[in-house]
Amino acid sequence: MLKEKLAACLREAVLEAQQQGELVTTTLPEITVEHPQNPEHGDFASGLPLKLARGMRMSPMAIAERIYEHVSPPSEFDKVMIASPGFINFNLRDDWLCGQVTSILETGESYGASLSGKGSRVQLEFVSVNPTGPLHVGHGRGAVLGSTLANVLSAAGYSVEKEYYVNDMGNQIDSFGRSLYARYQQCLGKEVAMLPNSYLGDYMIDLAKEIVQEQGDKFSLSLEGRGLGEGESPLRAEGEAISELAKIGLARIIQGIKEDLKLLNVDFDVWFSEKSLYRPDPEQSEGEGSQYHKAMALLQDGGYVAKKENATWFESTALGEDKDNVLLRSDGSPTYFASDIAYHYNKFLERRFSTVIDIWGADHQGHVPRMKAMLKALGVAPEHLKVIICQLVTLRRGKEMVKVSKRSGDIVTLRELIDEVGPDVCRLFFLSRSADSQMDFDIELAKKQSVDNPVYYVQYAYARIASILRLAKQQRIDYAQGDVSLLSTEPELTLIRRLILLPEIIEEVATTLEPHHLPYYAQDLATVFHSFYKQCRVISQDEELTKARLKLVRATQIVLARVLHLMGMTAPERM
RNA sequence: GCGCCUGUGGCUCAGUAGGAUAGAGCGCAGCCCUGCGGAGGCUGAGGUCGCGGGUUCGAAUCCCGCCAGGCGUACCA
């Protein structure tokens, strides 16, 4: 990349000046090169002289001048300037910029892709919402974040696998089953009270109705013992009925979640069942060999497991944690943490991902340190696990706060939102904020602004381009031989400067794991294009210029499509 | 109490490993269609970057202390 090239060239210049005794010999700091905010300061700038001034006991400007004497910029640049109070600025050559248009056209849709990931295998786990109810608006955030990140990482040369971890066992599933059983019986006309901690959402009633319709009353147990097999106790039969219902219900909810995600243009490569972690390896005898067993054996070998107060603990204090954590409750059942250990054992040691990215909500933030400790215990370097904590989404309707709870049943579903504003608006909205900042989602505002929205601004730019290209085609203009060196005005060159930012943006998002830079880039690119469009007539009497500009327009279309697709959004030909 | 995140114009948010006059969208006040899509372009008003110290040639950015909000601190997930 150009920044690295410039940094290297600056380093060389300083070393040369030092060798010739023009600058004091000091150890060099890391040389940074950036895009100045003000275009008058060039395309790239470095404040290196300012940093050297103290160690060299010279004025920054004097240092800048000495460096300037020795600097030989890469071929992409023509001008080097020094500016007060001690900056060195670089300018890209116009003909090089023009040439980039050709190179974008040649690269096509894959423009901006890189090999920097070197094919290393990354697993990205996100959403992973308990399948006890439909996704609500807040869940959309992780979904959009994760899927966009996956797109960008792929573009940056990583081999990415997207995974949804399905919590299909444990307390919540039990109470889901009991709630469904109660609703089911109510559907059959029985007076059954809802237990505490029940899932009270209407969707549970609908679910029960569907099951009654399709399967009748076969899961019901009447007082006369109908539905009981011979020698079967009512309690046990009821337990079985509940778990059968839970299984059916779960499958349906998961199906619904898949559909909702599909609407948002989110999909997964793997749906990983928590329960499967406890399944014995069929290859091995004795019922051993489950992922859970293997992980626990590792912890045990490391001496991190202890029995205390009837429960089994992971002694994370030995690894610098604040406190120990329970693995097996006193009733012998594994905790969520135990499952997560087995799960991450599986990710790292069985499936051998080199990097694992987990996207969690802020309510899981306290979980991070013990996960890192657990990895140490498993012998995995903790930095291979990257956890993105995504701050919570609070919902509002105007002034009124909406509490989201699946249990109480007051949910604004993701589906409702998508139906209302469309997937593209939804995606851009979630993407535009950094994961670190919590967001207030005003549903009223989202609906109101859905017409006057950055989404349409960017897509409009794309559609406008499509329209220009349609017209060109209609007039049978073949611009394949267009001469890009005719692009010379300020709006044209500014546009090119924006286009070639894409590779940097992809690289940045891939390393920082912060996809919120994409929407800002997209918007900026659209702005520069609209402005270019206003100032530069594309299809005109000047045939040669027309062809050159058509090339530029087509290149812009490629880049716009690329960003939109990275964000999981559509690029409409008309709107 | 302790830990993590946040606090930037009326509103919603950016601000790139400290850098040259703090940016955008929405809203507000104006201007621009005898040519390719006006879902557009251009101009303007509006900011003690929560508060107070410190480090530095230079701080929205780093350090410390306060204040405010969110989340966590379970043998819940």
Side-chain angles (χ1 to χ4, degrees), chain A residues 30 32 34-38 40-41 45-47 50-51 53-54 59-60 83-87 89 128-130 132 167 170-173 197 274 308-313 322-323 325-337 339-340 361-369 389-392 394 429 432-440 442 445 448-449 451-457 459-461 463-472 474-475 504-505 508 512 514 516-517 519-520 523-524 526-527 529-541 546 549-550 553 574-575:
Chain A
E30 202 182 336
T32 60
E34 59 201 9
H35 295 290
Q37 306 173 16
N38 186 338
E40 282 170 27
H41 296 139
S46 175
L50 290 160
K51 286 185 180 145
R54 192 220 273 274
S59 83
S84 169
F87 288 99
N89 300 331
S128 299
V129 175
N130 277 358
T132 51
N167 300 110
N171 289 336
Q172 310 219 4
I173 296 303
N197 283 332
E274 178 182 4
K308 276 189 296 191
E309 304 153 25
N310 263 337
T312 306
W313 294 72
D322 293 347
K323 52 184 171 32
N325 294 280
V326 173
L327 296 171
L328 291 178
R329 304 186 184 94
S330 29
D331 68 0
S333 63
T335 58
Y336 165 82
F337 182 46
S339 286
D340 238 7
D363 52 343
H364 281 58
Q365 151 262 117
H367 193 49
V368 180
I389 294 296
C390 172
Q391 294 300 313
L392 267 23
T394 49
F429 184 87
S432 303
R433 283 133 183 92
S434 87
D436 283 339
S437 62
Q438 85 193 51
M439 52 193 279
D440 247 14
D442 186 339
L445 201 68
K448 209 169 67 189
Q449 290 191 348
V451 200
D452 211 3
N453 193 291
V455 174
Y456 298 111
Y457 183 80
Q459 290 182 330
Y460 182 69
R464 211 174 210 185
I465 289 171
S467 158
I468 296 171
L469 295 178
R470 273 196 301 272
L471 184 69
Q474 214 180 341
Q475 300 187 2
E504 269 178 49
I505 301 284
E508 186 193 1
T512 61
E514 292 176 348
H516 70 272
H517 298 296
Y520 289 92
Q523 168 120 17
D524 185 41
T527 299
F529 172 74
H530 283 310
S531 172
F532 154 82
Y533 174 86
K534 197 72 183 177
Q535 297 174 73
C536 301
R537 171 88 198 170
V538 178
I539 299 175
S540 65
Q541 303 303 319
T546 296
R549 284 183 173 168
L550 281 170
V553 165
R574 298 168 202 274
M575 52 192 285

- Syn or anti for B/C67, taking syn as within 90° of 0?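 Anti for B/C67; the angle lies over 90° from 0.
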Classify the side chain of [X] versus the base of [N] as yes if they form a donor-acceptor pair under 3.5 Å and no if they do not.
X      : N     : result
A/S330 : B/C75 : yes
A/E34  : B/G19 : no
A/Q438 : B/C5  : no
A/Q37  : B/A20 : no
A/H364 : B/A77 : yes
A/N89  : B/A20 : yes

- What do the steps show when you test A/V553 against A/F532 for side chain to side chain contact (heavy atoms under 4.5 Å, CB included), and what is the final call? CA-CA 10 Å; A/V553 165; A/F532 154 82; 4.0 Å; yes
Please name the nucleotide paired to [N] by Watson-Crick or G-U wobble geometry with both distances under 3.5 Å, or report none.
N     : value
B/C71 : B/G3
B/G10 : B/C26
B/U16 : none
B/U34 : none

- Query: If you check every side-chain atom of A/D436, which of B/G69, B/U6, B/G37 has the closest atom?
  - Reply: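 The nucleotide sitting nearest to the side chain is B/U6.
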- Item | Out of B/C75, B/A24, B/G41, whichever nucleotide has its closest atom nearest the side chain of A/Q523 | B/A24
- B/U12 C1' sits how many Å from A/H516 NE2, rounded?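 Distance check: A/H516 NE2 to B/U12 C1' gives 14 Å.
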- Message: Looking at B/A20 and A/F87: do their rings stack (centroid distance under 5.5 Å, interplanar angle under 30°)?
- Response: yes
